Amino acid sequence: MLQCGLLAGAVFGAALAILGGILIPVGDQIIQSTVEKEAVIVPGTTAYENWISSAAFVYRQMWLFDVQNALDVVELGATPIVKERGPYTYKVRYLAKSNITAHNDAVSFLLPNGAIFEPDMSVGSEDDLVTTLNLAVAVSLPCLSVLPPLWSTKSSLFQRRSVREILWGYQDPILKDILGVFYPYNGTFDGYYTVNTGQDDISRVAMIERWQGESKLSFWNDTYCDTLNGTDASSFPPFVDKNKPIYFFSSDICRSVSSTFRETQDLWGIEVYRYVLPPSTFASPSINPDNKCFCTEKLVSRNCSMAGVLDVGPCRGGAPVYISLPHFLHGSDYLRQDVLGLNPSEENHFTYLDIEPITGFTLSFAKRLQVNMMYGPSKVISVLKHVKEYTVFPIVWLNETATLDEATADRIKAELFSRINLLENVQMSLIGIGAATFALCLVSYCCVRC
């Protein structure tokens, strides 16, 4: 009887271990089905709740470049020296998506723009004065033939204005237009966006199908550069493969970019993949041939050899606006020689996304960009008579960040990962208990037989 019992126990243990093994692929299917169900962008899913309004506060820190030797630059042709002032911090992206319209397997929406000053997170007030490039001079260079007759003698290359005016707008006394780095902003919208809901194909969830009603861009006159590729970076299709790049579109730079895996991080007990913009993003066409179609003029770019800067004039009404990484990180050396006082740092100035790989949700990010404008030699504008070279001049750099808080992380772990972990624990327990039971009973059976 004892031998029969031990033999039955061994068989039972083997059966448990086999059942646990069988549950691994079955469990994987259950996990995949659970995640895909919660990842589609339809009302009632976890993805929809996170998509419609960010669970984390988004802050935009801004550092302005204060010119230290404005008079010497104008009168003696000296190289500008700048000093970083900041941060001046604003809460942004605090408004939920609006005008949400569902159709077939896609959904359209507008992304409202808004900025609220956060004095407790800033070094000073919005009334702080900064000496910066006269925006009127910069925006007028492409259209000198239509300037007011006295404009060229009354203008100044640099101006001293408040942080508020430089960022959000002021009325230029000569041009009579409102000028500002981000003007207009409050009360405006980004979009329309149309994104895939993932209902028919989960691998396309959150992928941008249209922007401003079009399935491709019209800024670069090239099929590759005008492609809308990827998501808006707030989320990606689930089950992220870290061996492959991810793609997203940014309206700030009017193009799609790729991002590559750097390392695994722990965020409140959740494993995330950190993706970063590679140096090739703003590389010159000689280094990255894919960027050739983003070079739309030869003069300022020095025959398209300039690295680290993207001319976004084609999508800014022809204004001489250039986007780079802060302090011209990964940029051509002469950019930092033409303007002194810049100190690029990979640690402080790179852009990253922290993505939870199972769901594809972006749980933390830092978008770091610099807004620059251009000035150069002119026989019409008197303050430019000593200027010898076209200069890409830094106005402000921003660090737009958001990160998951501990309470939201606990909710995500409870709602989604707890079920996944429970299933995995059941699988491992069945295999462990079954194998142990099988081994113990088999050994005991052999001992009794002997």
Side-chain angles (χ1 to χ4, degrees), residues 62-86 88 126 128-144 147 151-175 177-183 297 299-301 306 308-313 316-328 331 334-342 369-378 380-398:
M62 290 189 267
W63 287 262
L64 289 83
F65 293 97
D66 191 17
V67 182
Q68 304 297 293
N69 61 337
L71 194 61
D72 289 345
V73 175
V74 174
E75 295 186 354
L76 304 176
T79 301
I81 301 172
V82 297
K83 184 178 180 180
E84 188 180 88
R85 294 273 302 276
Y88 295 91
E126 289 185 291
D128 289 352
L129 297 177
V130 175
T131 300
T132 188
L133 181 67
N134 187 342
L135 303 185
V137 172
V139 300
S140 299
L141 279 175
C143 50
L144 292 176
L147 290 176
W151 187 90
S152 62
T153 57
K154 289 185 176 182
S155 62
S156 174
L157 180 56
F158 299 104
Q159 60 179 345
R160 191 161 180 81
R161 291 193 174 273
S162 70
V163 170
R164 180 188 291 107
E165 290 175 315
I166 295 169
L167 296 179
W168 310 114
Y170 61 92
Q171 185 168 35
D172 183 78
I174 301 176
L175 293 182
D177 288 331
I178 298 179
L179 304 178
V181 175
F182 299 108
Y183 177 84
E297 60 79 42
L299 192 60
V300 179
S301 68
M306 181 168 61
V309 173
L310 175 67
D311 176 8
V312 294
R316 295 290 185 268
V321 180
Y322 298 79
I323 299 297
S324 68
L325 297 181
H327 290 245
F328 295 124
Y334 65 78
L335 291 167
R336 293 181 295 276
Q337 295 166 359
D338 291 345
V339 180
L340 303 179
L342 302 175
L369 295 173
Q370 181 171 294
V371 181
N372 314 275
M373 299 193 79
M374 180 272 295
Y375 68 87
S378 171
V380 178
I381 303 177
S382 59
V383 295
L384 297 176
K385 64 182 180 181
H386 291 297
V387 175
K388 299 178 180 62
E389 298 288 345
Y390 286 93
T391 300
V392 179
F393 192 87
I395 307 296
V396 59
W397 78 268
L398 62 90

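Here the structure is a predicted model, which means the values were calculated and not measured.
The two residues Leu342 and Phe328 have their closest heavy-atom pair at CD1-CD1, 3.4 Å. Looking at every heavy atom in both residues, Ser162 comes nearest to Leu129 through N-CD2, 3.7 Å. Residue Asp338 comes nearest to Pro80 through the heavy atom pair O-CD, 3.3 Å, listed as atom of the first residue, atom of the second, then distance. Between Gln68 and Lys83 the shortest heavy-atom distance is NE2-CB, 3.5 Å. The heavy-atom pair separating Ser301 from Tyr334 by the smallest distance is O-OH, 4.4 Å. Of all non-hydrogen atoms in Val73 and Ala78, the two that sit nearest each other are CG2-O, 3.5 Å.
The distance from the CG atom of Asn69 to the CD1 atom of Ile81 is 4.5 Å, given to the nearest 0.5 Å. Distance check: Asp66 CG to Glu84 CD gives 11.0 Å after rounding to the nearest 0.5 Å. Note that CH2 of Trp168 is 15.5 Å distant from CG of Leu179, once rounded to the nearest 0.5 Å. Remark: Phe393 CZ to Leu157 CG distance equals 8.0 Å, nearest 0.5 Å. Between the CZ atom of Arg161 and the CD1 atom of Ile166 there is a distance of 8.5 Å, given to the nearest 0.5 Å. In this structure, CG on Leu71 lies 7.5 Å from CG on Leu76, to the nearest 0.5 angstrom.
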Run the side-chain contact (heavy atoms from CB on, under 4.5 Å) check on Met374 and Tyr322 step by step: do they pass? CA-CA 8 Å; Met374 180 272 295; Tyr322 298 79; 3.5 Å; yes
Verdict with reasoning, Trp397 to Leu369, per side-chain contact (heavy atoms from CB on, under 4.5 Å) = CA-CA 6 Å; Trp397 78 268; Leu369 295 173; over 6 Å; no
Item checked: CA sep, side-chain torsions, deciding dist, call: Gln159, Thr132, side-chain contact (heavy atoms from CB on, under 4.5 Å) -> CA-CA 6 Å; Gln159 60 179 345; Thr132 188; 4.3 Å; yes
Exercise. Could you go step by step and tell me if Thr79 and Val339 meet the side-chain contact (heavy atoms from CB on, under 4.5 Å) rule?
Worked result: CA-CA 6 Å; Thr79 301; Val339 180; 5.8 Å; no
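Looking at Ser324 and Asn372, their side chains do bring a donor and an acceptor atom within 3.5 Å of each other. No donor-acceptor contact under 3.5 angstrom links the side chains of Glu389 and Tyr375, judged on distance only. Residues Tyr88 and Asp128 bring a donor and an acceptor atom of their side chains to less than 3.5 Å of each other.
His327 has its side chain within reach of Phe65: a pair of non-hydrogen atoms, C-beta onward, lies under 4.5 Å apart. In this structure, the side chains of Tyr390 and Leu299 come closer than 4.5 Å at one or more pairs of heavy atoms.
One N or O on the side chain of Glu297 and one on the backbone of Val300 form a donor-acceptor pair closer than 3.5 Å. Using a distance-only test at 3.5 Å, with no hydrogens or angles considered, no donor-acceptor pair links the side chain of Glu165 to the main chain of Tyr170. With Arg85 contributing its side chain and Val130 its backbone, the two residues share no donor-acceptor pair below 3.5 Å. Within the 3.5 Å criterion, the main-chain N or O of Ser156 finds a donor-acceptor partner in the side chain of Asn134.
Checking Val321, Thr391, Val392 one by one against Met373, the side chain to side chain contact (heavy atoms under 4.5 Å, CB included) holds for a single residue, Val321.
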